[in-house]
Undergrad: 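I have a structure here, written as structure tokens, and I will follow up with some questions on it.
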Amino acid sequence: MTKMTVIGASGAELPEAFTGRHLINGDWQDSADGATFDRVSPSHGVTVSTSAKGGKAETEAAIAAARAAFDDGAWRESPGKDRAALLNKVADLIDRERERIAVLEVLESGKPIAQARGEIEGAADLWRYAASLARMVHGESHNNLGPDMLGVVLKEPIGVAGIITPWNFPFLIVSQKLPFALAAGCTAVIKPSEMTPSTTVILGELLIEAGIPAGVVNIVLGYGDPVGALISTDPRVDMVSFTGSTAVGKKIVESAAGTLKKVSLELGGKNPQVIFPDADLDAAADAIVFGVYFNMGECCNSGSRIIVHQDVADGLLAKVTSLSEKVPFGDPMDERTQVGAIISDAHQQKIDSYVQEAKRAGAKVLMGGEALNVEGLDGRFYGPTVVADVTPDMAIAKEEVFGPVLSVLTFSDEDEAIALANNAAYGLSAGVWSRDIHTCLNFSRKVQAGTVWTNTWMDGFAEMPFGGVKESGQGRELGRYGLEEYLEVKTIQLRVARGRANWVRDS
Ligand code: NAD
């Protein structure tokens, strides 16, 4: 059996089960039919939350409230300064509630507590950054169209934004969308994942405390079908901002086609890291281990596909496996834990089936490759796993495993490395490791990805746009681009003197 560092049950005291209700037009509401659903912690096996289960009635009421709040004009026409003040207040309240949000996030998602705290702090930073953008919404003027013409381009809020989020970074991802939508002057209907609904409900509480007007932000809890599907189809919703799987992203595009609403998609990835022979292998090994085990590998940015030069492959893999043995995994409520629990039984089986299939196809499992019990916990855990001798045709080389599983391929020259990196339907992010700036730049320019990390992995900044190409999505979040997603362009052409030539000629 592989050596691993396992953290057993910490005995941390768990909070009472959370009760979540829909936020519709400023009121907390149960479902009309009283339906609810429970979330059982993937790490502790206890019920973490009971949430109202939304149906047609709740979704339509939430959409109607967001529509009315937008059309009323008070929010969209409010000065950017006032919207910024509200967003800053929400950021302060997030800081105040950091521990409560982090603990619920751990228990619903399985992620480690130290990481969850960092994510909540990162989310507060996004609210502050979006607040700064709220004061910077502006268009452009054209003063070169001739002496009697002035052109003005206005940026206007797009309208009602439907926001649909996944379970892997629930609070962070809603914070990559909602504050930017609000900064632009949009109103919103949010549907969090049915696996992790509760921290979005806490965000709703904080928004109310900060003074958000009724109807500007609405939250409907429940499943993709019907809630997400109704949001994507309804003509009263002007755009959908979705983060989740590529399969569901495609369904949303189909649902949105009927009304041609704008769709912004942050989808899956099969992100390559290419390691050239002149790279700092110690730095690369640490980043590889971080890139693949962070958030249990349940990460769109997981650096799950290593493409290493054949001359340094053995040395790099020895370093990677040695570091993998040291990564503490186990009880996510323990401060020391860096890899927590897998989101569900079904997902754990999916991860394992990729590893077993690769083994059957001739790949070599250097470590891990099995589900594990952590003493004292009723949870799902999958050990850090390194799979070598992977070939480009194997599913594990092309598809998103979304677990703590590293696939290793080798290359012999630069062109082959770039071709291998681009050999996936996805194009979210990519990495290159080399001490030669020309090698790094050549790779960065030729790789098909929305983000390229050179000699690093998964750094992120509120200022830097993020998103994918190919089947990893469309549109961008963060940076100024994150605001632009929620803005529409209006062209105004002003004739400023009586210079217009008559179209109808005198006969
Ligand atoms: P998912 O696609 O299963 O679900 C995402 C959300 O969509 C959930 O709220 C779900 O209820 C909802 N949904 C399901 N069916 C729907 C439908 N027919 N119409 C509308 N909404 C529907 O994704 P997941 O399993 O929650 O998350 C994991 C996926 O998310 C991975 O593929 C991952 O790569 C991706 N992801 C991408 C990014 C990014 O920024 N690119 C970030 C995080 C996660």
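FYI, the numbering just counts along the sequence from 1. For ligands, and for the atoms within them, numbers begin at 1 and follow the listed sequence.
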Undergrad: Among L126, L483, T243, which one satisfies side chain to side chain contact (heavy atoms under 4.5 Å, CB included) with E477?
TA: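 When L126, L483, T243 are each tested with E477, the side chain to side chain contact (heavy atoms under 4.5 Å, CB included) holds only for T243.
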Undergrad: What pairs of donor and acceptor atoms, side-chain ones from residues 245-253 against any protein atom, are under 3.5 angstrom apart with sequence neighbours left out?
TA:
| from | atom 1 | to | atom 2 | distance (Å) |
| --- | --- | --- | --- | --- |
| S245 | OG | V248 | N | 3.3 |
| T246 | OG1 | G268 | N | 3.4 |
| T246 | OG1 | E471 | O | 2.9 |
| K250 | NZ | E471 | OE1 | 2.9 |

Undergrad: Could you check E485, E488, E484 and say which one makes a salt bridge (charged side-chain N to carboxylate O under 4.0 Å, His left out) with K155?
TA: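 Of the listed residues E485, E488, E484, the salt bridge (charged side-chain N to carboxylate O under 4.0 Å, His left out) partner of K155 is E484.
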Undergrad: At a heavy-atom distance under 4.0 Å, which protein residues reach ligand 1? Sort them by chain and number, would you?
TA: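 Residue list for ligand 1: I164, T165, P166, W167, N168, I173, K191, P192, S193, E194, G224, G228, A229, F242, T243, G244, S245, V248, K251, I252, E266, L267, G268, C300, E400, F402, L428, F466.
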Undergrad: Could you work out, with ring-ring contact (aromatic ring centres under 6.0 Å, His included) as the rule, every residue matching W127, not counting sequence neighbours?
TA: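 ring-ring contact (aromatic ring centres under 6.0 Å, His included) check on W127 returns nothing, list empty.
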Undergrad: For residues 232-251, pull every pair meeting ring-ring contact (aromatic ring centres under 6.0 Å, His included), keeping only residues two or more places apart or in separate chains.
TA: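 Qualifying pairs: none.
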Undergrad: Is any side-chain N of the basic residue among E99 and R117 closer than 4.0 Å to the acidic one's carboxylate O?
TA: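 Looking at R117 together with E99, the answer is yes, because their closest N to O distance falls below 4.0 Å.
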